[in-house]
Amino acid sequence: MWLAPEQVRVILIVDELTDYAREVRDALLDADIRADIDTGDGRLNAKVRTAVTRKIPLIVVVGRREAEERSVTVCDRSGKETPMPLDAFVAHVTDLVRTKSLDGAGHLRPETGTATV
C-alpha cells in the first residue's frame, strides 16, 4: 500500500457523481495519499478489473448512497468490500501508509495467514 504509485482509485457508478468523486480524491490528496478518479466510459466491472490489473491496493466505489451519506465502499485486493464514512476511510488509509501495513494486500490466505503461492 505505502509503496504503490497509485494508492487509491476512485470509481463512479454514475457520471453525475463526479463532484463527490473529486471531493473524495481531494480529501485523499490533502492527506498525502496518491489517488485518482477513473472517469472512463466503461462499465463498473471493467473499471474495477482495470484497477485490479494495475495492482492498485484500494478501490473506492461511489454511488448515490455513498454521496448522500458522505461515505465510500472500499474494495481491497483480497476482494473484501467495506462501506465506511469518508473521514474514517482517509484516517484508515493514512494509518496504513504510516505503518507500512500489508493489510488488504491480497497476498495472505485469510484462513491461515500464510502467503499464497
Side-chain angles (χ1 to χ4, degrees):
M1 171 74 193
W2 58 275
L3 193 55
E6 183 178 344
Q7 296 164 320
V8 179
R9 170 74 53 97
V10 181
I11 298 176
L12 298 84
I13 293 178
V14 291
D15 290 338
E16 63 196 46
L17 298 173
T18 303
D19 289 339
Y20 182 65
R22 286 186 183 129
E23 183 181 336
V24 171
R25 182 205 53 204
D26 292 346
L28 291 163
L29 292 175
D30 289 345
D32 293 326
I33 304 300
R34 295 180 297 275
D36 201 4
I37 303 170
D38 187 334
T39 57
D41 293 334
R43 301 174 134 245
L44 177 63
N45 288 341
K47 291 179 180 183
V48 170
R49 188 172 37 255
T50 298
V52 168
T53 302
R54 292 185 179 166
K55 306 275 189 220
I56 298 170
L58 295 175
I59 302 164
V60 172
V61 178
V62 294
R64 288 186 178 95
R65 183 188 55 183
E66 286 84 3
E68 289 171 5
E69 297 175 358
R70 196 167 152 65
S71 66
V72 294
T73 298
V74 184
C75 306
D76 62 24
R77 286 175 45 190
S78 67
K80 181 180 173 189
E81 292 183 12
T82 309
M84 61 175 45
L86 177 57
D87 295 336
F89 173 67
V90 172
H92 174 69
V93 174
T94 302
D95 187 53
L96 289 176
V97 171
R98 183 183 53 76
T99 61
K100 297 181 180 174
S101 174
L102 295 176
D103 286 349
H107 70 290
L108 298 178
R109 287 190 203 116
E111 66 278 0
T112 64
T114 58
T116 57
V117 179

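Just so it is clear, the values below take in all heavy atoms, side chains as well, and ignore hydrogens, waters and symmetry mates.
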Inset, instruction - Indicate yes or no for a side-chain donor-acceptor contact from Glu68 to the backbone of Arg65 under 3.5 Å, with no hydrogens or angles considered. - result: no
Legend entry - Reported CD1-to-CD distance for the pair Ile13 and Glu66, which is rounded to 0.5 angstrom: 5.5 Å
Inset, instruction - Could you give me the CA-CA distance, side-chain angles and deciding distance for Arg70 and Asp87, then say whether side-chain contact (heavy atoms from CB on, under 4.5 Å) is met? - result: CA-CA 9 Å; Arg70 196 167 152 65; Asp87 295 336; 3.7 Å; yes
Legend entry - CD1 on Ile56 to CD1 on Ile11, rounded to 0.5 Å: 8.0 Å
Inset, instruction - Say whether Val10 and Leu29 are linked into one hydrophobic cluster, either directly or through other cluster members, by side-chain heavy-atom distances under 4.5 angstrom. - result: no
Inset, instruction - Begin from the C-alpha positions of Val90 and Leu28 and carry the test side-chain contact (heavy atoms from CB on, under 4.5 Å) through to its verdict. - result: CA-CA 6 Å; Val90 172; Leu28 291 163; 4.0 Å; yes
Legend entry - Arg64: partners by side chain to side chain donor-acceptor pair (under 3.5 Å), with sequence neighbours left out: Glu16
Inset, instruction - Give the minimum heavy-atom separation between Tyr20 and Val72, together with the two atoms involved. - result: OH-CG1, 4.3 Å
Legend entry - Pairs flagged by salt bridge (Lys or Arg N to Asp or Glu O under 4.0 Å) wherever residues 27-36 is involved - sequence neighbours left out: none
Legend entry - Non-hydrogen atoms of Gly63 and Leu17 that approach each other most closely: C-CD1, 3.1 Å
Inset, instruction - List in chain and number order the residues that pass side chain to side chain donor-acceptor pair (under 3.5 Å) with Arg43, two or more places apart in sequence or in another chain; answer none if no residue qualifies. - result: none
Legend entry - Shortest non-hydrogen contact from Pro57 toward Gln7: CD-O, 3.6 Å
Legend entry - Distance, nearest 0.5 Å, that separates CE of Met1 from OG1 of Thr99: 10.0 Å
Inset, instruction - List the atom of Val62, the atom of Ala21, and the distance in Å for their closest heavy-atom pair. - result: CG2-CB, 4.3 Å
Legend entry - From CE (Met84) to OG (Ser71), nearest 0.5 Å: 10.0 Å
Legend entry - Interatomic spacing from CD1 in Ile33 to OG1 in Thr94 - rounded to 0.5 Å: 4.5 Å
Legend entry - Distance, nearest 0.5 Å, that separates OG1 of Thr18 from CD1 of Ile37: 7.5 Å
Inset, instruction - Examine distances only and state if a side-chain atom of Lys47 and a backbone atom of Gly40 form a donor-acceptor pair shorter than 3.5 Å. - result: yes
